[in-house]
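Here is the structure we will look at, set down as structure tokens.
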Amino acid sequence: MKKVIPAIGLMASVLLACGQDQQEEDAAHGLEGKDWDDIVSEAEGSEIGIYMWGGDDGVNQYLDEFVAPHLEEEYDITLTRYPMDAPDFLSKLMTEKEAGQNEGSADLLWINGENFRNAKNNDLLYGEFTSHLPNMEDYIGDDAPFVHFDMGTEINGHQAPWGNVQFAFQYNSDMVENPPETMEDLIEWAIDHPGQFTYPNVNDFTGNAFVRHVMYHVADDPEELETFNEEWLEENKEEVFDTLRTFKESLWRNGQTYPESLSHLDQLYSNGEVAFTMGFNEHRAESLIEDGIFPEATETVVLEPGSISNTHYLSIPFNSPEPEAAMVAINFMLSPEAQIKKLDPSMWGEGTVLNAESISEEQVQEMEQITGPAIVESEDILPELDSRYHDWILEHWEREVVQQ
């Protein structure tokens, strides 16, 4: 006879198992029995490094001129940036793991999506740590989907959300008289203005995201792509790539080559070689205009059917020499002070992960004063796709588009 476990008893057993797993992990990391004050005390005097993409001056300025000085002053922690693309630092970590190198050169990782999935699957991460962060509990909470899943990969506390951004296009209004409103409009504009539009190679996250927007354009309903749908890909593969081939020859350099990165595309845009650029962060143009990098005529537009929302995260590598200091640094970067400063368009100017209900009314008003009117309305937000769509694009784009 089968034994029936009451629902309450089953839930209690699941929670107990999770608690036991957490205790075992804390014991393995030397955190068992330590409270937050103990972790902060052990972090004092540490020198830590962060592996992160270094291609945005505003992001670098935020780390160097705000985060690092605050960590030094408040916690006696010295933070150094190591500019490196995520695939490169994951390759480095994999080499270190295979060599048994248990003390690496970095303590923090800026990561998300397929890179997080690969890092987690290959045991390149420290493990669960977010349950120890007071600011995670106090200001972010457990309700938002991005706390639990990153592009389809279960997070399990292996990374902490750092920012939310929306994909948007920037264009030079001196070159674009009638800005497009839909993806179809953009394609028609590119055909009518040969050489003035392009997108990055899909090995670049931004270029890959552009193709994911094309997939949303092809889909009859965004919900068709809500989970990884191989049947949809099989049925719509030809239309997705035919859409890209339709205007390939009208692209910059006739579509024979593509910018290798968003930084390269931004440079082409800044030089007036193309009329559009693009990227995650709907407010990114403000600081770039202010710094004289983007032309003053730069405007931002979101195309129908909407803008993909993307969350990026902070994690800790498996061989961090100073994991306690890494936790203290991440906890600070999740604070209202640091998150609100990150909204400042004169620095980074990107979206927050704070739960608005968890902060004061004054802080909400401060955030609204910084960001101004919403560029992406809530009804225009599209969920980020499972990272396996990213891989599918990488697998097929070269053959189906570039080589045609």
Are [X] and [Y] packed together at the side-chain level, in the sense that at least one heavy-atom pair is separated by less than 4.5 angstrom?
X    : Y    : answer
Y139 : P134 : no
Y82  : M52  : no
P321 : D107 : yes
W36  : N331 : yes
E350 : H283 : no
N122 : E98  : no
M136 : V147 : yes

For this session: Spell out, as yes or no, whether a donor-acceptor pair under 3.5 Å connects the side chain of H213 to the backbone of I308.
Result: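 Flag set: sc H213 to bb I308 pair under 3.5 Å.
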
Exercise. Do side-chain atoms of T371 reach the backbone of M367 as a donor and acceptor pair under 3.5 angstrom?
Worked result: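 Checked: pair present.
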
Any side-chain donor near an acceptor of the partner, [X] and [Y], under 3.5 Å:
X    : Y    : answer
Q267 : H264 : no
S46  : Y75  : no
Q339 : T352 : yes
T78  : E72  : yes
N254 : K248 : no
Q166 : S307 : yes

Exercise. In Å, rounded to the nearest 0.5 Å, how long is the span from OG of S358 to CG of D138?
Worked result: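 The OG atom of S358 sits 8.0 Å away from the CG atom of D138.
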
More than 12 non-hydrogen atoms from neighbouring residues, nucleotides or ligands closer than 6.0 Å to [atom1] on [X], yes or no?
X    : atom1 : value
E260 : CD    : yes
Q404 : CD    : yes
E249 : CD    : no
D192 : CG    : yes

Problem set entry | For W110, the option from Y51, W162, F205 that meets ring pair (Phe, Tyr, Trp, His ring centres under 6.0 Å) |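 Output: one option passes, namely W162.
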
Exercise. Testing N172, T298, T277 for side-chain hydrogen bond (donor to acceptor under 3.5 Å, both in side chains) with Y269, which one passes?
Worked result: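 Between Y269 and the candidates, side-chain hydrogen bond (donor to acceptor under 3.5 Å, both in side chains) is satisfied uniquely by T298.
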
For this session: Of all the heavy-atom pairs spanning F294 and Q170, show the shortest one and how long it is.
Result: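 Looking at all heavy atoms of both residues, the shortest contact is CE2-CG, 4.4 Å.
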
Exercise. Excluding sequence neighbours, so at least two apart, what forms side-chain hydrogen bond (donor to acceptor under 3.5 Å, both in side chains) with N319?
Worked result: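 Partners of N319 under the side-chain hydrogen bond (donor to acceptor under 3.5 Å, both in side chains) test: E96.
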
For this session: Test the R212-F280 pair against the cation-pi criterion, namely NZ or CZ under 6.0 angstrom from the six-membered ring centroid and within 45° of the ring axis.
Result: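 Geometry flag: not set, cation outside 6.0 Å or 45°.
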
Exercise. Centre of Y62's six-membered ring, under 6.0 Å away, within 45 degrees of the axis: is that where NZ or CZ of K341 sits?
Worked result: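 Not flagged: K341 not positioned over aromatic ring of Y62.
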
Exercise. Is the shortest distance from a Lys or Arg side-chain nitrogen in K237 or E400 to a carboxylate oxygen in the other one below 4.0 Å?
Worked result: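 Judged by the 4.0 Å cut-off on N to carboxylate O distance, K237 and E400 do form a salt bridge.
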
